[in-house]
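First comes the structure, then the notes that go with it.
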2 protein chains.
Amino acid sequence: MATRNTYRHGNLRHALIAAGVELAREGGPDAVVLREATRRVGVAPNAAYRHFADRRALLAAVSQAGLAELARTMERELVTGSPARARLRALTRGYLAFAQSEPGLFRAAFATTGMADTDTEEAAGAEGRTAYRLLSEALDDLAASGALPPEHRPDAEYFVWSTVHGMAVLLTDGPLRGLRPPEAEEAERRVMDAVERGLCGTSG
Amino acid sequence: MATRNTYRHGNLRHALIAAGVELAREGGPDAVVLREATRRVGVAPNAAYRHFADRRALLAAVSQAGLAELARTMERELVTGSPARARLRALTRGYLAFAQSEPGLFRAAFATTGMADTDTEEAAGAEGRTAYRLLSEALDDLAASGALPPEHRPDAEYFVWSTVHGMAVLLTDGPLRGLRPPEAEEAERRVMDAVERGLCGTSG
DNA sequence: TGCCTATGTGGACGCCGTCCACATTTTCGA
DNA sequence: TCGAAAATGTGGACGGCGTCCACATAGGCA
């Protein structure tokens, strides 16, 4: 697969990112090794330096690709026309499903400073919206529907994102990993119930 | 500081962990480099292998030390005798303060599979309680005080922990990093308000 | 056609994790 | 008490990695 006859590769940058994504899938961010990526593409190690400043730059590109796939997974769960609450649930389900089915790529997506660039065009899904934007719009819808009171709207993204991301970490690397799907879904449901109360509910 | 006259070191294991913690403080989990740790302790690289199976084992020990320091920071915020809600807030404040003041050690504490061993004796603070246990007891108190209804008690640890941990990630590596203390505290307050509603409130 | 720039190659360096054989120190039982 | 055995530290080596420098080749453009 890696043999080529032309001296020029064609689109080495994309090929290296694809190889990097594959490496991330297999072993997380630490497995995104420059030399191995070039090896898989069938090119000399130094060729990578024509397209990436260093290993971290390649990892950053892989991170963006991972974020884009996360966004696509979330979009896929979305059923347009369903009520705002259901859509928010669908998005978080997609987020958690991605983390559990692709833990390596998920960790790579948020590696080091990956989370700082979660709202770039490169990190967007098929519809051009990032995970953050999808979440943000769902909260807007929830506010428009009247379920989310205006005084709870500010910083609601951070609340939901924090909880869902934290839950993803607990499920993949944390004490909840290894939970069988039924128990995991049970925990997810309970946590998301609490999130909904936090958004829409009143202090007790 | 690293010179020694005796052939035997004395307590190399502890010294290596201490050096590893220092490295983690300076540059996160990736900076916990075996050779550098031995260099700082003033010992040959291979000496480490008498106390740790490999680099990952050293990192795991550093992770446990980091978790213990996290627990101590949380304990320090705690004012005994205050109401249950205030104690829960204090614990989360300690968690977030630690993440922000020691981002490298914080990331090392949860590196790779560190979060899977968050409730070991080694990860406990001065009072012998881990971060998880401190949180768990605070929720028990909240339930005993009547503020947390029994039907919301199950899995409440995961809800709170997820949110607080996620918030810590957003603040240190995520889009909220670089926030000035006043804005960061504002965001923290809003998110924790939502957590309290999620725990104690009723669905709206 | 011939030059310039972009792109890929080859070789080298230093650092890292880890293995093996060896040296020294401590422990402990005959 | 003394010597064997276990524990602990040393030295040297190997392969892999990230990265730098000099060189080769391909394509575009005058």
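What you see below is based on every heavy atom in this structure, not just the backbone, and it leaves out hydrogens, waters and symmetry mates. Throughout, a chain's letter reflects where its sequence line sits, starting with A, and its residues are numbered from 1.
Regarding F52(A), its CZ atom lies at a distance of 13 Å from the P atom of dT19(D), rounded to whole Å. Put simply, CZ on R13(A) is 17 Å from C1' on dG8(C), counting in whole angstrom units. Computed from coordinates, the D30(A) CG to dC17(D) P distance equals 13 Å when rounded to whole Å. Atom C1' of nucleotide dA6(D) and atom CZ of R50(B) are separated by 11 Å, given to the nearest angstrom.
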Give me, pair by pair, the N or O atoms of the protein and of nucleotides 13-16 of chain C that are less than 3.5 Å apart, along with how far apart they are.
from: dC16(C); atom 1: OP2; to: R39(B); atom 2: NH2; distance (Å): 2.5

Atom pairs, N/O to N/O, protein against nucleotides 3-6 of chain C, distance under 3.5 Å?
from: dA6(C); atom 1: N3; to: R8(A); atom 2: NH2; distance (Å): 3.0

Identify each donor-acceptor pair in which a side-chain atom of residues 98-108 of chain B lies under 3.5 Å from a protein atom, sequence neighbours left out, and give them as a table.
from: S101(B); atom 1: OG; to: A97(B); atom 2: O; distance (Å): 3.1
from: E102(B); atom 1: OE2; to: R25(B); atom 2: NH1; distance (Å): 3.1

Which side-chain N or O atoms in residues 121-130 of chain B pair as donor and acceptor under 3.5 Å with protein atoms at least two apart or in another chain?
from: R129(B); atom 1: NE; to: E137(B); atom 2: OE1; distance (Å): 3.4
from: T130(B); atom 1: OG1; to: D119(B); atom 2: OD1; distance (Å): 2.6
from: T130(B); atom 1: OG1; to: R133(B); atom 2: N; distance (Å): 3.1

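The side-chain heavy atoms of R177(B) and D173(B), taken from C-beta on, include no pair separated by under 4.5 Å. At least one side-chain heavy atom of F159(A) sits under 4.5 Å from a side-chain heavy atom of L199(A).
With dC20(D), dT18(C), dG8(C) as the candidates, the nucleotide lying closest to the side chain of Y49(A) is dC20(D). Distance from the side chain of H51(A) is smallest for dT7(C) among the nucleotides dC20(D), dT10(D), dT7(C).
Side chain of S136(B) to main chain of Y132(B): no donor-acceptor pair is present (N/O by atom type, distance under 3.5 Å, no hydrogens or angles). The backbone N or O of L134(B) sits nowhere less than 3.5 Å from a side-chain atom of E75(B) that would complete a donor-acceptor pair.
For dG12(D), the base has a donor-acceptor partner in the side chain of N46(B) [N/O atoms by modelled type, under 3.5 angstrom].
Applying the side-chain contact (heavy atoms from CB on, under 4.5 Å) test to N11(B) and every residue at least two apart in sequence or in another chain returns R13(B), H14(B). Residues satisfying the side-chain contact (heavy atoms from CB on, under 4.5 Å) test with D141(A), not counting sequence neighbours, are A84(A), R87(A).
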